[in-house]
Amino acid sequence: MDEEARAQIDVWKYAYGFDAMRVVKCAIELGIPDVFGSRGSPMTLSELSSAVGCPENSLYRIMRFLTHNGIFKKKIISQDPPLFHYSQTPLSRLLTRDNMGLFVLVQAGPSGKQFGLTAEDLRAGKGSGLKPAADEMTMWSSGVVDEAYEKLFRDHMASHGKLGASKVINNCPEVFEGIESLVDVGGNDGTAIGMFVKAFPWIRGINFDLPQVVHEAPAIDGVLHVGGDMFESIPKADAIMLMSVLHDWSDEMCIEILKKCKEAIRTKTGKVIIVEVVIDEEGEEDEYMGARLLVDMMIMIATINGKERTTKEWIRLLNASGFSKYTIKHMRAIESIIEAYP
Ligand SMILES: C[S@@+](CC[C@H](N)C(=O)[O-])C[C@H]1O[C@@H](n2cnc3c(N)ncnc32)[C@H](O)[C@@H]1O
């Protein structure tokens, strides 16, 4: 691995180190290491789910993160039908309550309400996608975070947009060929669309976000700010971009957003450009896998039903939203680019 890729991966570890700790803490609170300790034998996902009282969907993501980090082992028992089980490692044996589990819980500190993850949350369905859409809420809903944190978060989002846009511009400029108008849905303050318009000056840019967000956005050459709600209607254009937006929402809500995107583009020539993590569970693991799984845990903590999706999950989502074709381009980054066509 070259130095630049190593640095990119390490910076995610520093940024989300607390999240990794919260997940290990939660696994101990759920009693996962203890259940394996008392059974003394491997367990399937459904056995583990019944033993700790946590829905399979979210438990699968947690176990995917823990096995990747050597805390448990996953063994494929059969390919067809696909069957696997989990078993202990020396590390999981150290995390039982009668060994060093309590030590880790104390070091992780008391459970905070904001952006925490508790066994109770998980048992109640957080991260499982099972909660009804009407109750779905992320930190984007007003009043979830205090004003100072919201300001910090917005400033961070602007730099996130800048980093994301430069990865796309440098790795996949061909994505913008033939596009005369582009809407960046959930574009925050317009940083990213401003960069696309500058790099590809034939594009007319629209930055689309919640009214209160675009109200604060600075004027940008070649960019029109439009406030609205992506669940209701999205401005029409040749192409729509969704960068780091869908991972905040459940499948059900993503399908609603994608259907609105489809309505906003032409059937024959339009496309939706999705810049998001794609977890490749089937292929060979690349160097970004650990960072992608860590981001998935951060999303589980920061949202009710958001998640980073596998290739299969993306395909299912696109099909369910009425897209007939798609391509996935991997970049030298944790995110990939999905181009979806009606
Ligand atoms: C994770 S941020 C991504 C920002 C930007 N695309 C980036 O990559 O840095 C998600 C964005 O979606 C916006 N958003 C949330 N709900 C929305 C809605 N209903 N309609 C339009 N935008 C929304 C938020 O305000 C936020 O700017």
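In this text, all values refer to a predicted model and were calculated from it rather than measured experimentally. Every number for a ligand or one of its atoms is a count from 1 in the order of the listing. What's counted below: heavy atoms across the whole structure, side chains too, no hydrogens, waters or symmetry copies.
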Determine, for F84 and K74, whether the Lys NZ or Arg CZ falls below 6.0 Å from the six-membered ring centre while staying within 45 degrees of the axis.
-> yes
Taking 4.0 angstrom as the limit and counting only heavy atoms of [X], give me the atoms of ligand 1 inside it, by number and element.
X	result
M157	1 (C), 2 (S), 3 (C), 4 (C), 7 (C), 9 (O)
F231	19 (N)
G161	9 (O)
D229	18 (C), 19 (N), 20 (N)
G228	20 (N), 21 (C)

Considering only NZ, NE, NH1 and NH2 on the basic side and carboxylate oxygens on the acidic side, decide whether E281 and K312 come within less than 4.0 Å.
->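 Looking at E281 and K312, the cut-off is not met.
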Over 60° means perpendicular and under 30° means parallel, so classify the ring planes of F72 and F36, tilted if in between.
-> tilted
Which residue from D209, V275, V213 reaches closest to atom 14 (N) of ligand 1 through any of its heavy atoms?
->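 The residue whose heavy atom sits nearest atom 14 (N) of ligand 1 is D209.
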Of H247, E256, M253, M230, the one whose closest heavy atom lies nearest atom 17 (C) of ligand 1 is M230
Verify side chain to side chain contact (heavy atoms under 4.5 Å, CB included) between V295 and D19, making sure each step is shown before the conclusion.
-> CA-CA 9 Å; V295 178; D19 294 324; over 6 Å; no
Which one holds for D248 and ligand 1: side chain close, backbone close, both close, or neither close, with close meaning a heavy atom under 4.0 Å?
->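 Side chain only.
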Can you name the nearest heavy-atom pair linking A333 to K167, along with the distance?
->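 Shortest heavy-atom contact: CB-CD, 3.5 Å.
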